[in-house]
**Student:** 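Take a look at this one; I'll ask things after.
Counting starts at 1 for both ligands and their atoms, following the listed order. All values reported here derive from a predicted model rather than from experimental measurement.
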Amino acid sequence: MNIIDQIITRYQENFGQMPDHIARAPGRVNLLGEHVDYNDGFVLPAAIDRATYVAFSPTDAPHSTLVAADFNQQTFFSAESISSKTQADASPLPEWGLYPAGVMWSLMQENLSVPSINAVFASDVPRGSGLSSSASVEMAFMIAWQTLGGWALPPMQLALLSQKAENKYVGVNCGIMDQFASACGAANKLLLLDCRSLEWKAVPLPENVSIVIADTTVRRKLTSGEYNKHRAACEEAVRLLQQNLPNIKSLRDVSVEEFNRLADQLPAEIEKRARHVVEEIGRSNQAEALLEAGDIQSFGRLMNECHASLRDLYEVSCPELNVMAGIAQSIEGCYGARLTGAGFGGCTVNLVAKERVDGFSKILAKSYESKTGLHPEIYITSVSNGAELLK
Ligand code: GLA
């Protein structure tokens with residue numbers, strides 16, 4: 001049974017009727033510009049064909065009832081219980097419930113109408129895999145409440161409110177990239193976003209290349225911890241660099257030359273983190289021109305450099321990601337391979353010549369398995385539209 005049929009069936013079992021609506025919100029993969037969104041840099045994500053789906057209807061009940069089909073669990077919360085992060089009976093929300101509850105909270109902060117809903121949701125974006133499963137859950141519920149609330153906001157605005165939910169309610173200081181990609185995705189297009197101005201454009205996915213996602217099957221947990229620490233290191237770097245560069249507001253404002261001149265004034269770890277960001281913003285800055293010129297070779301080289309930098313300077317990789325990216329980079333037909341998303345586990349993104357994809361996937365799976373004993377999942381992703389109401 002496909003995922004939509006599953007949630008419809010589950011909805012009927014739970015609520016005794018058909019859902020009025022179905023919404024879908026995709027995960028994303030990011031090609032270039034990693035860990036730069038919260039430093040005002042440029043990112044190049046694309047919405048993927050894996051998504052969170054929610055079946056929902058309005059209800060007269062004073063609380064919303066949500067079923068997470070993937071966990072076989074249920075939660076219920078109301079406008080009143082939201083602020084204390086509890087369920088309607090005052091017990092704590094399950095962890096997965098923080099995401100939809102955070103969306104409700106974020107919308108309430110804007111005084112937007114957030115009616116009670118009955119909902120069942122499920123996702124084929126693997127959790128903790130670097131493909132933005134959280135943002136896809138948030139955006140799916142954004143669409144649900146927008147549909148029933150009688151208001152409409154531009155997709156970027158929905159993304160910003162989802163990011164606020166994740167920052168202030170869930171407690172992860174993420175940037176805007178994931179929610180943006182899930183909200184604004186466009187079929188067969190890469191999304192080039194300036195995270196400072198929030199201006200963005202859709203650029204065509206180069207012909208003759210496929211985006212291959214390779215899942216190490218190692219999972220991370222992106223709740224605050226390491227992610228927030230890395231973000232704090234970037235903020236500390238800005239504070240220290242401001243002693244010499246008083247006009248900078250973020251690492252976006254520091255050129256590689258300036259950074260090299262001042263780097264020895266930073267503590268070693270802060271220097272490494274900031275160097276990754278400054279150089280990665282430089283790399284992602286070149287993306288558009290390279291794509292326009294059809295120079296996939298050079299673009300792929302930047303992806304490889306990005307991986308090395310995430311591994312050695314930003315230190316968010318893990319042995320399995322390094323093995324996966326290393327093998328891929330050595331296979332004929334692979335332009336570039338690197339970890340995608342926050343890191344600490346999850347997936348690599350690979351840009352591969354279309355006619356080589358089959359061989360590439362087979363060799364990669366086989367060598368990865370023989371080196372790690374893990375059985376990876378490797379697939380071509382098609383680039384999809386952003387969050388939408390299907391019915
Ligand atoms: C996570 C965050 C994003 C971004 C990436 C790293 O996916 O949610 O905002 O910072 O990590 O690029």
**Student:** Evaluate Tyr38 for polar contact with ligand 1, using N/O atom pairs at a separation under 3.5 Å.
**Tutor:** no
**Student:** Under the side chain to side chain contact (heavy atoms under 4.5 Å, CB included) test, which residues partner Gln87, sequence neighbours left out?
**Tutor:**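 Gln87 satisfies side chain to side chain contact (heavy atoms under 4.5 Å, CB included) with Thr75, Phe76, Asp89, Ser91, Leu93, Pro94 once adjacent residues are dropped.
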**Student:** Any idea which atoms of ligand 1 are less than 4.0 Å away from a heavy-atom of Arg28?
**Tutor:** 7 (O)
**Student:** Could you tell me, atom by atom, which parts of ligand 1 come under 4.0 Å of a heavy atom of Cys174?
**Tutor:**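 Close to Cys174: 2 (C), 8 (O), 9 (O).
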**Student:** What pairs meet the ring pair (Phe, Tyr, Trp, His ring centres under 6.0 Å) rule with one or both residues in residues 367-391, with sequence neighbours excluded?
**Tutor:**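 Non-adjacent pairs meeting ring pair (Phe, Tyr, Trp, His ring centres under 6.0 Å): zero.
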**Student:** Using the rule given for side-chain hydrogen bond (donor to acceptor under 3.5 Å, both in side chains), can you reason through Asn260 versus Arg275, listing the C-alpha separation, both sets of side-chain angles and the distance that settles it, and then say yes or no?
**Tutor:** CA-CA 9 Å; Asn260 285 338; Arg275 180 177 294 284; 2.8 Å; yes
**Student:** Using a strict cut-off of 4.0 Å, indicate which atoms of ligand 1 neighbour a heavy atom of Asp37.
**Tutor:** 3 (C), 4 (C), 9 (O), 10 (O)
**Student:** I would like to know whether Thr216 and Leu374 meet side chain to side chain contact (heavy atoms under 4.5 Å, CB included); could you show each step before the answer?
**Tutor:** CA-CA 8 Å; Thr216 62; Leu374 297 169; 5.7 Å; no
**Student:** As an exercise, identify every atom of ligand 1 less than 4.0 angstrom from a heavy atom of Met177.
**Tutor:**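 Close to Met177: 4 (C), 5 (C), 12 (O).
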**Student:** Assess whether a salt bridge exists between Arg261 and Glu257, defined as any Lys/Arg side-chain N lying under 4.0 Å from an Asp/Glu carboxylate O.
**Tutor:**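 Looking at Arg261 and Glu257, the cut-off is not met.
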**Student:** Could you tell me whether Gly175 and ligand 1 have an N or O pair separated by under 3.5 Å?
**Tutor:** yes
**Student:** Using a 4.0 Å cut-off to any heavy atom of His35, which atoms of ligand 1 qualify?
**Tutor:** 6 (C), 12 (O)
**Student:** In this structure, are over 12 heavy atoms from other groups packed under 6.0 Å from Glu355 atom CD?
**Tutor:**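 Yes.
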**Student:** Numbering the atoms of ligand 1 from 1, which are under 4.0 Å from a heavy atom of Tyr227?
**Tutor:**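 Counting atoms of ligand 1 from 1, those under 4.0 Å from Tyr227 are 1 (C), 2 (C), 3 (C), 4 (C), 9 (O), 10 (O), 11 (O).
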